[in-house]
Protein chains: 2
Amino acid sequence: MDDLAATNGTSAANDGTGTDGGAAGPAEARGSRAQPKTDKSEQTRALILETAMRLFQERGYEKTTMRAIATEAGVSVGNAYYYFSAKEFLIQGFYDRMTYDHAADARARMAHTRDFAERLEIALTSWLDTAAPYHEFAAQFFRTAADPNSSLSPFSNESHPARATAVELFREVLQGSELAPKLDAELVELLPDVLWLHLMVVVLYWVFDRTEDTERTREFVRRSTPMAARVINLSRYRVFRPIVRDAKGLIQDFILPTIGKTAVK
Amino acid sequence: MDDLAATNGTSAANDGTGTDGGAAGPAEARGSRAQPKTDKSEQTRALILETAMRLFQERGYEKTTMRAIATEAGVSVGNAYYYFSAKEFLIQGFYDRMTYDHAADARARMAHTRDFAERLEIALTSWLDTAAPYHEFAAQFFRTAADPNSSLSPFSNESHPARATAVELFREVLQGSELAPKLDAELVELLPDVLWLHLMVVVLYWVFDRTEDTERTREFVRRSTPMAARVINLSRYRVFRPIVRDAKGLIQDFILPTIGKTAVK
DNA sequence: ACCCTCACTTGAACGCGTTCAAGTCATGAC
DNA sequence: GTCATGACTTGAACGCGTTCAAGTGAGGGT
């Protein structure tokens, strides 16, 4: 439950290698230094992250102060900043880990069926289950993620490994279904990203959902997935060629580039 | 250009009358006191807002400090907080005004045509034009708006007059078009909110758009509006009954309630 | 004339995220 | 051994958003 160091396998790629995402502004520091040089270094980093995550869950994001994290972890404030150049970078570890857990859980739960709608519903519901413990604090998190200048944003910041993991999951949702072979290959190529966007919509809905156990979001998933499946299924018929072509063009030209993929041409 | 006091007509309704939007949390103070009692009061309030807007445009949101606003306006920091209980409430005036300007501009520009796709495109493009001067600082603004706990969020906070204004504009986009009479009355009732959501998507896209003059977003609007028109037009045909029914159900049950409307039944 | 009320105003002070000059300490070169 | 290097660590200090106890002063009741 609290071996957050395990996240490192996923989050190791978030360091300051890439050029900045455009004319963003003043050169922002990345999450941490380039490479850990010591074992102790990595331990300290993990300790701080672990402590932060625990406090975030206990008190919420804003109410957890950097001083409290440092004190609780037994280090100085400056030290916390040595490893995480800002408070929001502490979230990244959390985010990476949740993405990984979600993918694993969803894979296990959808293995038994090849029905596309069901697989999609499982994948989304699995996300809601994985994220449930963090619902309250996720609101604050989301606020940060919505900032285009933040490296936490799932949209900008091309080299976000967590998004790649999530998109890959949706590729499997589709590929493992009975629907995939029936579809136009180009569409199969595009759909995983669209399904990831579907998840983003669900996440948006979830963040604003104040019902018990986010029941409304769950119902939204149950209702919207069969519909999505039906729309995708309909795309096979000749009558819809023009509109499907439009949709594909829209995705290729406007959505994929924004989330850091070059058009498939 | 700077008669921000004119905003009052729109923003006067944002005061603490309504009950809080649910089990939100600790009783948050609203933007300001209930009713201005003095002329001088209203003048001071307007002066502070005006100054803040000017500085936001000059320096950006985060770089404009409350101390700077107060100093520049010739009042004390505490006084600024007397009128605006937090920095983010200063944005509300800005937001209300932009919504109002946009609606006026869009109405004027779409008056000459009854073609639905064209009217929709004009409405959206008009928003981009109205918002253009604030593109940089809007990113910071958006970050705040994405917080479900913030009264600035366009989604939660039912009594947001700006959203009502915007939805009303889209009602006119539809009603003034040749398409409206041909559509199912129930659908005509639902569409304005959906079109407003379309605008929200465009806004999201715009916030992340780093191209010159947000050209990519403009192209997105040009490409997505005819498609939206086509989809809506197709909904008239019998074949799509089931899917249209699903869509209507989804909207009525999950979207309208979230943005503070009770289902049409 | 007195004073009470209350809308309005003040600025010092608080707690926060963040920075930075000044350390500490293990490692390897000589 | 000793000394330089540089990764790692420290905590006081800075600037910010925000709060609050303490005013100020115009209007009205007596």
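Because only heavy atoms are used, hydrogens play no part in the values below, and waters and symmetry mates are left out as well, while side chains stay in. Residue numbering restarts at 1 for every chain, and letters A, B, ... go by the order of the sequence lines.
Annotation: proximity of residues 59-71 of chain A to DNA chain D (heavy atom, distance under 4.0 Å) is found for A/R67, numbered in ascending order.
Per the geometry, CD belonging to A/Q43 stands 15 Å off C1' belonging to D/dA7, to the nearest Å. Across the protein-nucleic acid pair, B/F84 atom CZ and D/dG17 atom P stand 15 Å apart, rounded to whole Å. The nearest whole Å value for the distance from the CG atom in B/N79 to the P atom in D/dG17 is 16 Å. Distance CG (B/D39) to P (C/dC8): 10 Å, rounded to an integer number of Å. Residue B/I91 contributes atom CD1, which lies 12 Å from atom P of D/dG17 at whole-angstrom precision. Taking atom NZ of residue B/K87 and atom P of nucleotide D/dC16, one finds them 9 Å apart after rounding to whole Å. If you measure from atom CZ of B/F89 to atom C1' of D/dT18, you get 13 Å, rounded to the nearest angstrom. In this structure, OH of B/Y81 is placed 18 Å from P of C/dA13, rounded to the nearest angstrom.
Within the structure, salt bridge (charged side-chain N to carboxylate O under 4.0 Å, His left out) contacts touching residues 79-92 of chain A (residues at least two apart or in different chains) do not occur. A salt bridge (charged side-chain N to carboxylate O under 4.0 Å, His left out) check over residues 77-86 of chain A, counting only residues at least two apart or in different chains, returns nothing. Sorted by first then second residue, the salt bridge (charged side-chain N to carboxylate O under 4.0 Å, His left out) pairs that include residues 192-202 of chain A, not counting sequence neighbours, are A/D193-A/K261.
With sequence neighbours excluded, the residues forming a side-chain contact (heavy atoms from CB on, under 4.5 Å) with B/D209 are B/T211, B/T214, B/R216, B/T217, listed by chain and number. For B/F137, the ring-ring contact (aromatic ring centres under 6.0 Å, His included) partners two or more places apart in sequence, or in a different chain, are B/F56, B/F94. Remark: B/N79 pairs with B/T44, B/V75, B/S76, B/Y82, B/Y83 by the side-chain contact (heavy atoms from CB on, under 4.5 Å) rule, at least two apart or across chains. Take B/L55 and apply the side-chain contact (heavy atoms from CB on, under 4.5 Å) test, not counting sequence neighbours, and it matches B/T51, B/E58, B/R59, B/T64, B/A68, B/I69, B/E72. Under the rule for a salt bridge (charged side-chain N to carboxylate O under 4.0 Å, His left out), A/E212 has no partner lying at least two apart in sequence or in another chain. Remark: B/V194 pairs with B/L191, B/I251 by the side-chain contact (heavy atoms from CB on, under 4.5 Å) rule, at least two apart or across chains.
Comparing the helix axis at one end of the helix from C/dA1-D/dT30 to C/dC30-D/dG1 with that at the other, each defined from 5 consecutive pairs, gives an inter-axis angle of 30° (nearest 10°).
The side chain of A/Y83 has D/dC8 as its nearest neighbour among D/dC8, C/dG11, D/dT18.
At a threshold of 4.0 angstrom between heavy atoms, the contacts of A/V77 include nucleobase atoms, whether or not backbone atoms are also involved.
Dashed line: the shortest gap from a side-chain N or O of B/Y82 to OP1 or OP2 of C/dT9 is not under 4.0 Å. At the phosphate of C/dT9, OP1 or OP2 sits under 4.0 Å from a side-chain N or O atom of B/T44. At least one side-chain nitrogen or oxygen of B/S41 sits closer than 4.0 Å to the OP1 or OP2 atom of C/dC8.
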Please write out the pairs of protein N or O atoms and N or O atoms of nucleotides 21-26 of chain C separated by less than 3.5 Å, giving the distance to one decimal.
none

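When atom types are taken as modelled, the side chain of A/H135 and the backbone of A/L128 share no donor-acceptor pair closer than 3.5 angstrom.
Counted by atom type alone, A/D105 and A/S126 present one or more donor-acceptor pairs between their side chains at under 3.5 Å. One side chain, B/T258 or A/Y205, offers a donor N or O that lies under 3.5 Å from an acceptor on the other.
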